[in-house]
Colleague: 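Structure provided below as structure tokens; questions to follow.
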Number of protein chains: 2
Amino acid sequence: MYSQSEENYLKAIYHLEESSEKGVSTSKLSEELQTKAASVTEMLKRLAEKKLVNYQKYYGVSLTPEGKSWALAIIRKHRLWEYFLVECLNFNWDEVHEVAEQLEHIQSKKLVEELDCFLGRPSFDPHGDPIPNAAGVLPEFKKRRLSEFKVGDTLICKGFSDASSSFLQFLDQHKIGLDTLVSIKSIQEFDESMLVKVRKSEIMLSKTATQNIFVEKNKESKIKEKV
Amino acid sequence: MYSQSEENYLKAIYHLEESSEKGVSTSKLSEELQTKAASVTEMLKRLAEKKLVNYQKYYGVSLTPEGKSWALAIIRKHRLWEYFLVECLNFNWDEVHEVAEQLEHIQSKKLVEELDCFLGRPSFDPHGDPIPNAAGVLPEFKKRRLSEFKVGDTLICKGFSDASSSFLQFLDQHKIGLDTLVSIKSIQEFDESMLVKVRKSEIMLSKTATQNIFVEKNKESKIKEKV
DNA sequence: TAAAATTTTTAGGCAAAGCTAAATAATTTT
DNA sequence: AAAATTATTTAGCTTTGCCTAAAAATTTTA
Ligand SMILES: [Mn+2]
Ligand SMILES: [Mn+2]
Ligand SMILES: [Mn+2]
Ligand SMILES: [Mn+2]
């Protein structure tokens, strides 16, 4: 239906719309997609003609409902494939993104639905990112950063917003992953770094790190510790 | 490494080299790939520059060792994905080809090897076509057509060379698939059509059909019938 | 608010991969 | 062996998606 390139633009616009208050600019897009601004302008004109985006010369771009639903379909595929790679094919969570970038463009309604079913209709991908359902609806979840909490809190890791290989490998090294329990032992005042306890060991996390770890308040930690 | 289009040409040349004695001509390729002869000529020049084919103006084309090994890698992926779709995702064997045409172009050594492993290193795809191993070596197998046999012979279906949806659906309707036992009851002299027995029922197969069904002599039919 | 800086768009090119129409080479027929 | 037919290649054009350099609009700064 749409080319790989067009799909990548839609996805990039979606992500930028999510992560910033203001409209999406040509330069932000060109940075995200590693292309030149001139190429972005051209593509935006094409996408606007196809009614996938609202584009006003010099004033940025936003997705139309049609564009948004297409973007969500691509993201759904991307995250389902990442889940498949980790759960079925022994990929580590820092190796999946590149391959998923290719697989997300495969066109087949049946393939996506059967894959979803085969995997047990997962709600979150290996990085804790929510997987939209077939209708494009994202699962309910609240995003709070580890950096927002205070000494004494015990939390469950639910996602990681910097998906770079190096950050994911750092987390691996310290055995921090999805559903890992983390309790805050102390916070340095001058740089807001945190000393946290993970299982038996204590780890120092920089503010950059704690801002990129999404957590949930742990309601059942007492119970689980007894079991 | 190579574009999807280039990969499709390599695959097409491979298949045509296999299925015909003589060299592969521009017109055969244009027919196979549903493009115009002029486009084929252009692509052949590009592939020759990249040392993937031997191309002599006006005298057809053949794969170099490099080209052949790349073609086999694509075919390996195609057939592994077809196997995956049928075995894991509830696809019927007449629905897989189109999706596999897309999946075969995904680039990731690890993906292919892990998929192969996950599937249990199958030797044949859902249509009975041999799957090359990682080194590009095809499993041993002998191709004989049902049309070569005579009344009284009992045979096991091992492959189907016309992979069109309609032929595969026809086989489905008559419950003929891989490893189905078929015995020849009679052969019409005037059109060489065959009356065969499959399980409890008798089916009439045209010569076109029997030429497209690959079989093996059944060594254990007596034993199996007793069990 | 006018000048400077920055961002965005336009203009003009390029490569891949397709097309049609015309030219040319190879093959078949007479 | 020449003519006719068929196959193949060349020439010229199109679209997609990218680029650089120049022009124009917007935003920031003074
Ligand atoms: Mn990813
Ligand atoms: Mn992810
Ligand atoms: Mn196939
Ligand atoms: Mn097949």
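Atoms considered below: every heavy atom in the structure, side chains included; atoms not considered: hydrogens, waters and symmetry mates. Reminder, nothing fancy here: chain letters follow the sequence lines and each chain counts from 1.
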Colleague: Rounding to 10°, can you tell me the angle the first-five-pair axis of the helix from C:dT1-D:dA30 to C:dT30-D:dA1 makes with its last-five-pair axis?
Modeller: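 It comes to 10° between the two terminal axes.
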Colleague: May I ask you to evaluate whether B:Lys57 reaches the phosphate of C:dT24, defined as a side-chain N or O under 4.0 Å from OP1 or OP2?
Modeller: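 For C:dT24, neither OP1 nor OP2 has a side-chain N or O of B:Lys57 closer than 4.0 Å.
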Colleague: In Å, rounded to the nearest 0.5 Å, how long is the span from CD of B:Glu140 to OG of B:Ser123?
Modeller: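 Nearest 0.5 Å value for the CD-OG distance: 11.5 Å.
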Colleague: Separation of A:His105 atom NE2 from D:dT16 atom C1', in whole Å?
Modeller: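 Nearest whole value for this atom pair: 16 Å.
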Colleague: Can you name the atoms? Protein N/O to nucleotides 13-15 of chain C N/O, anything below 3.5 Å, with the distance.
Modeller:
none

Colleague: Could you give the NZ-to-P distance, from B:Lys22 to C:dA26, as a whole number of Å?
Modeller: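 These atoms are roughly 17 Å apart.
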Colleague: Specify the separation, in whole Å, of atom NZ of B:Lys45 and atom C1' of D:dT8.
Modeller: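 Between C1' of D:dT8 and NZ of B:Lys45: 11 Å.
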Colleague: If you define the side chain from C-beta out and look only at heavy atoms, does anything of A:Leu155 sit under 4.5 Å from A:Ile213?
Modeller: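 They are not in contact (no side-chain heavy atoms under 4.5 Å apart), so the answer is no.
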Colleague: NZ of B:Lys50 versus C1' of C:dA17: gap in Å, rounded?
Modeller: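 Distance, rounded to whole Å: 12 Å.
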Colleague: Without hydrogens or angle criteria, can the side chains of B:Asn8 and B:His105 be said to hold a donor-acceptor pair below 3.5 Å?
Modeller: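 Indeed, the side chains of B:Asn8 and B:His105 share at least one donor-acceptor pair under 3.5 Å.
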Colleague: For B:Tyr55 and for A:Tyr9, find the nucleotide of DNA chain D with the closest heavy atom, then tell me which residue's nucleotide is more 5'.
Modeller: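 The 5'-side residue here is B:Tyr55.
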Colleague: Looking just at side-chain N and O atoms, do B:Glu32 and B:His15 make a donor-acceptor pair shorter than 3.5 Å?
Modeller: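 Note: B:Glu32 and B:His15 side chains miss the donor-acceptor criterion.
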Colleague: In terms of side-chain heavy atoms, does B:Trp70 have a donor or acceptor partner in B:Glu7 at a distance below 3.5 Å?
Modeller: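 Yes, because at least one side-chain N or O of B:Trp70 sits under 3.5 Å from a partner of the opposite role on B:Glu7.
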Colleague: Looking only at side chains, do A:Ser25 and A:Ser27 share a donor and an acceptor under 3.5 Å apart?
Modeller: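 Judged by distance alone, the side chains do pair up.
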Colleague: For A:Gln4 and D:dT15, give me the distance from atom CD to atom P, rounded to whole Å.
Modeller: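 That distance rounds to 22 Å.
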Colleague: Can you pull every protein N or O that's under 3.5 Å from an N or O on nucleotides 1-6 of chain C?
Modeller:
none

Colleague: Can you tell me if A:Tyr58 touches the phosphate of C:dT9, counting only side-chain N or O atoms and a distance under 4.0 Å to OP1 or OP2?
Modeller: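 False: A:Tyr58 side-chain N/O out of range (4.0 Å or more) of C:dT9 OP1/OP2.
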Colleague: Is it the case that the side chain of B:Asn90 and the backbone of B:Val86 share a donor-acceptor pair, with hydrogens and angles ignored and the cut-off at 3.5 Å?
Modeller: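 No: the side chain of B:Asn90 does not pair with the backbone of B:Val86.
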Colleague: I want to check one thing: is the phosphate of C:dT10, taken as OP1 and OP2, less than 4.0 Å away from some side-chain N or O of A:Thr41?
Modeller: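 So the side chain of A:Thr41 is outside the cut-off, no N or O lying under 4.0 Å from OP1 or OP2 of C:dT10.
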Colleague: Of the nucleotides C:dT9, C:dT20, C:dG18, which has the atom closest to the B:Met43 side chain?
Modeller: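 The closest nucleotide is C:dG18.
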Colleague: Please give, in whole Å, the distance from D:dT8 C1' to B:Glu31 CD?
Modeller: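 Those two atoms, CD and C1', are 16 Å apart.
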Colleague: Using the six-membered ring wherever Trp is involved, compare the ring planes of B:His174 and B:Phe170 and label them parallel, tilted or perpendicular (cut-offs 30° and 60°).
Modeller: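 Perpendicular.
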Colleague: May I have the distance from B:Tyr59 (atom OH) to D:dT9 (atom C1'), rounded to whole angstrom?
Modeller: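 Result: 13 Å.
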Colleague: Should B:Arg46 be listed as having a side-chain N or O under 4.0 Å from OP1 or OP2 of C:dA17?
Modeller: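 For B:Arg46, the contact criterion (side-chain N or O under 4.0 Å from OP1 or OP2 of C:dA17) is met.
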Colleague: May I ask you to verify if any side-chain N or O of B:Ser27 is less than 4.0 angstrom from the OP1 or OP2 atom of D:dT6?
Modeller: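 Result: no.
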Colleague: Between B:Asp172 and B:Trp93, do the side chains contain a donor N or O and an acceptor N or O under 3.5 Å apart?
Modeller: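 There is such a pair between these side chains.
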Colleague: Is the B:Phe118 to B:Tyr83 ring centre distance short of 6.0 Å?
Modeller: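 No - the distance between ring centres of B:Phe118 and B:Tyr83 does not fall below the 6.0 Å cut-off.
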Colleague: What I'd like to find out is whether the side chain of A:Glu104 reaches to under 4.5 Å of the side chain of A:Ile75, using heavy atoms alone.
Modeller: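 They are not in side-chain contact.
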Colleague: Roughly how many Å is it from CD in A:Gln34 to P in D:dC18, rounded to a whole number?
Modeller: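 In whole Å, D:dC18 P lies 12 Å from A:Gln34 CD.
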Colleague: Does the ring center of A:His97 lie less than 6.0 Å from the ring center of A:His78?
Modeller: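 Ring centres of A:His78 and A:His97 closer than 6.0 Å.
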Colleague: Can you find a side chain N or O atom of A:Lys36 that sits less than 4.0 Å from OP1 or OP2 on D:dT20?
Modeller: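 A:Lys36 to D:dT20 OP1/OP2: side-chain N or O found under 4.0 Å.
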Colleague: Of the nucleotides C:dG18, D:dC19, D:dA11, which one has an atom closest to the side chain of B:Thr35?
Modeller: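 Nearest nucleotide to the side chain: C:dG18.
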Colleague: Strictly below 4.0 Å: does B:Ser3 bring a side-chain N or O up to OP1 or OP2 of C:dA17?
Modeller: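 For C:dA17, OP1 or OP2 has a side-chain N or O of B:Ser3 closer than 4.0 Å.
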Colleague: Is B:Ser39 near enough to C:dG18 that one of its side-chain N or O atoms lies under 4.0 angstrom from OP1 or OP2?
Modeller: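 Checking B:Ser39 against C:dG18: no side-chain N or O falls below 4.0 Å of OP1 or OP2.
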Colleague: Do the side-chain N or O atoms of B:Ser25 get closer than 4.0 angstrom to the phosphate oxygens (OP1, OP2) of D:dA7?
Modeller: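 So the side-chain polar atoms of B:Ser25 never come under 4.0 Å of the phosphate oxygens OP1 or OP2 of D:dA7.
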Colleague: May I ask you to check if A:Lys110 and B:Phe91 form a cation-pi contact, with NZ or CZ under 6.0 angstrom from the six-membered ring centre and within 45° of the axis?
Modeller: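 Yes.
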